[in-house]
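Below is one structure, written out as structure tokens, with a few remarks after it.
So you know, we letter chains A, B, ... as the sequences are listed, proteins then strands, and number each from 1.
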Amino acid sequence: MRSLASLSILAILVLSFGMAQPAWAEVSEITVFVGGLSCPFCTYGVEKKLKAVDGVKGVKVHLKAGTATLLLAEGKVPSPEEIRRAVKKAGFTAGKIELTAIGTLAFREDTYFLEIRYADMKYVLFKKNTKDTHLGEDARERFADLAKRTAVVAITGALHGHTDGPSGLSVNEIEELHSTTLTVEGMTDGESAERLESLLQKAEGVYRASVDFAKKAATVESIGKRVSSSALISAIEGAGFKASEADGK
Amino acid sequence: MRRPSGFLSAAGGIGGLLFLTTAYVVGTVDAGGITTSTALPVSEDQVIIRGQMKYLRSTVDPSPMDRELTVWAFPTVAVYGATEKLAIFGVFPYMDKRLRVNTPMGRRTRGDAGVGDFTFLGRYTVGQWDHPGETLRLAPFAGIETPTGEDDEEDSLGRLPQSLQLGSGSWDPIAGAAFTWQTLDWEFDVSGQYKFNTQENSFEFGDVARLDLSFQYRLWPWTFEDDASEGVPGFLYGVVESNLIWQDRNEVSGSRDPDSGGTTWYLTPGAQFVTRRFVLETAVQLPVVQELNGEGLENDFIVTAGFRVNI
């Protein structure tokens, strides 16, 4: 009995560590359209105000496009109200707010939700450019298939705030997330693993790369199109390591 | 009280010009015109500093005194965004005024150098129309010029004429408004301003009214295609401005000085280089029309060079 209790506690601990939030936020960028922004000198105030929003670790303004892209800190997503307030305090007008979020689809009460991976948050999903939860027949078929498979998806859309419920996303684009795991030999320490992770992160088509030194494994995620294993193996071997697909090929 | 004798009143006809070196830097802190006020926003809690060097020369003298006036002015302007609509300006000038003039004792140079009158203003945005890559703004402003500059300096010839003093000695209210229309390619500013000069030392400078226009056109990059303009590139603007300035006659112990006041119209070409952090600019004001009263000393030109920086 005592050993069963110990095993249960151990299982809970293992599960907890397994579910611990990784170093990446699953909503990593938000783009806000800023009305009135028409000269370089004015962008400084916009950058400063947006960077002061909780959860924002960096801001890139694109003057021609009239946008500010917010790079987010781990696990923190500012609300659209906070973003609009920051743009207003900078002296300008916030327009559309767009983001890409990663998660799985859930269907409840005739509404699709995107449950953000590794975070306790979700978005209501709307039809493109609307706040209508009826997505249209074609979209519902695709969404139903993805939800059934509990596929991990990346949704890009316009963010809408909500004072007494989850925020909503008008879906512009939805793509499946693909994952490839490779076995890597030749890493000598954590530093070499970090170096390899950094290299893979820059490879074309890679959304996220993570390298586990202890498990000798590199996992690469891509959105929409799977990155070819041979290209990844080639990149890893170019860095001085040996790699093979996780099933031994 | 009789009018002061010739050489002592030599500076009377240049009173308005001397105070232009500080009065018209007010409100022009944000990227906008060089000699024109703008209605562009200052973010809440944002600080902008502007430093300028101005050089004024006036040598066209209709009187027999052969007056030559040179003024170096170094106004520093600090602006603070109290809110996104309310900006507070402080103008802190340092000046060096020198007048060479024929006197019964020979040719003399009179003048002084030091801190001038500080000006404080508030500007509030009452109209804001924002679109992608474009904005229109309307902002009235009001404030006061304070008597911080020395107004009772003397030299070997006695008390300096009031126009050569660094300060007026009086508290002088200012009111005006600015309108700005800015796109990614150009900017247009128009501003009107009135300064109510009050009396001190039995002397009252004439009120000053001005109407300023500014047009800035982006010269570089000439085209603004996406692949050449990632992020926030620097802009080089060609600038042309117009300054129409009217000053009423000065009053000396209640009598109006006939050799003071008048109307001047400047055309002002210039250039600005604008980045997200700083602005570098230069302009020269060339008097196209000078209708000065009596024997007022006419201005040759005013050169301005300066910078602005986002803190």
Side-chain angles (χ1 to χ4, degrees), chain A residues 28-54 56-71 78 80-98 129 158-159 170 172 202 204, chain B residues 29-32 38-48 81 83-87 125 128-137 180-187 216 218 221 223-237 272-279 308-311:
Chain A
S28 59
E29 275 187 10
I30 289 180
T31 296
V32 54
F33 287 77
V34 181
L37 202 56
S38 38
C39 93
F41 200 65
C42 300
T43 64
Y44 187 80
V46 172
E47 278 179 31
K48 215 170 159 183
K49 278 291 167 213
L50 284 170
K51 203 163 176 190
V53 173
D54 187 32
V56 175
K57 70 176 184 188
V59 178
K60 268 197 92 166
V61 174
H62 303 270
L63 186 56
K64 167 72 173 174
T67 60
T69 299
L70 316 182
L71 308 174
E81 290 78 23
E82 287 179 293
I83 295 170
R84 289 188 192 286
R85 202 177 308 129
V87 170
K88 181 171 180 288
K89 284 182 186 296
F92 296 91
T93 305
K96 208 168 34 167
I97 298 173
E98 288 185 345
N129 295 331
L159 186 63
S170 301
N172 289 344
K202 290 177 192 152
E204 193 179 329
Chain B
V29 178
D30 216 340
T38 180
L40 287 177
V42 179
S43 301
E44 185 181 278
D45 291 328
Q46 181 66 22
V47 173
I48 299 172
T83 71
E84 72 272 11
K85 288 189 184 297
L86 176 64
T125 301
Q128 177 178 347
W129 300 271
D130 286 338
H131 309 282
E134 184 179 6
T135 187
L136 291 89
R137 306 273 172 137
T180 294
W181 183 4
Q182 186 187 59
T183 74
L184 286 169
D185 295 328
W186 51 262
E187 178 178 331
Q216 305 121 55
R218 195 188 76 240
T223 58
F224 201 16
E225 299 304 320
D226 287 332
D227 58 355
S229 56
E230 184 79 10
V232 183
F235 283 4
L236 176 67
Y237 288 101
Q272 280 180 326
F273 182 65
V274 181
T275 73
R276 59 182 273 282
R277 200 73 201 265
F278 66 83
V279 176
R308 311 180 215 199
V309 61
N310 271 315
I311 303 296

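- Of the listed residues (B/Thr183, B/Thr135, B/Asp130), the one with the most heavy-atom contacts under 4.5 Å to chain A is B/Asp130.
- Looking at B/Tyr237, only its side chain comes within 4.5 Å of chain A, counting heavy atoms on both sides.
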Stepwise, does the side-chain contact (heavy atoms from CB on, under 4.5 Å) test hold for B/Gln128 with A/Thr93?
CA-CA 9 Å; B/Gln128 177 178 347; A/Thr93 305; 3.7 Å; yes
Step by step, would you call B/Gln182 with A/Cys39 a side-chain contact (heavy atoms from CB on, under 4.5 Å)?
CA-CA 8 Å; B/Gln182 186 187 59; A/Cys39 93; 3.2 Å; yes
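- Rounded to the nearest 0.5 angstrom, B/Arg276 CZ and A/Leu63 CG are separated by 12.0 Å.
- Contact annotation for B/Val47: neither backbone nor side-chain heavy atoms come within less than 4.5 Å of a heavy atom of chain A.
- Both the backbone and the side chain of A/Lys89 come within contact range of chain B, with heavy atoms under 4.5 Å apart.
- Listed by chain and residue number, nothing satisfies the salt bridge (Lys or Arg N to Asp or Glu O under 4.0 Å) test with A/Lys51 (two or more places apart in sequence, or in another chain).
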Decide yes or no on side-chain contact (heavy atoms from CB on, under 4.5 Å) for A/Phe41 and B/Ile48, but give the supporting numbers first.
CA-CA 10 Å; A/Phe41 200 65; B/Ile48 299 172; 4.0 Å; yes
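- To the nearest 0.5 Å, atoms CG (A/Leu37) and CD (B/Glu134) are separated by 13.0 Å.
- Side chain of A/Lys64 to main chain of B/Leu184: no donor-acceptor pair is present (N/O by atom type, distance under 3.5 Å, no hydrogens or angles).
- In terms of heavy-atom pairs under 4.5 Å with chain A, the best-connected choice from B/Gly133, B/Gly81, B/Pro132 is B/Gly133.
- Looking at A/Phe33, there are no atoms closer than 4.5 Å to chain B (heavy atoms on both sides), in backbone or side chain.
- In plain terms, the two heavy atoms of A/Ala90 and B/Ser43 that are nearest each other are O-OG, 2.9 Å.
- Closest approach of B/Phe235 to A/Ser38, counting heavy atoms only: CE2-O, 4.5 Å.
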Could you give me the CA-CA distance, side-chain angles and deciding distance for A/Lys49 and B/Glu84, then say whether side-chain contact (heavy atoms from CB on, under 4.5 Å) is met?
CA-CA 11 Å; A/Lys49 278 291 167 213; B/Glu84 72 272 11; over 6 Å; no
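- The minimum heavy-atom distance between B/Pro233 and A/Pro40, with the atom names listed, is O-CG, 3.4 Å.
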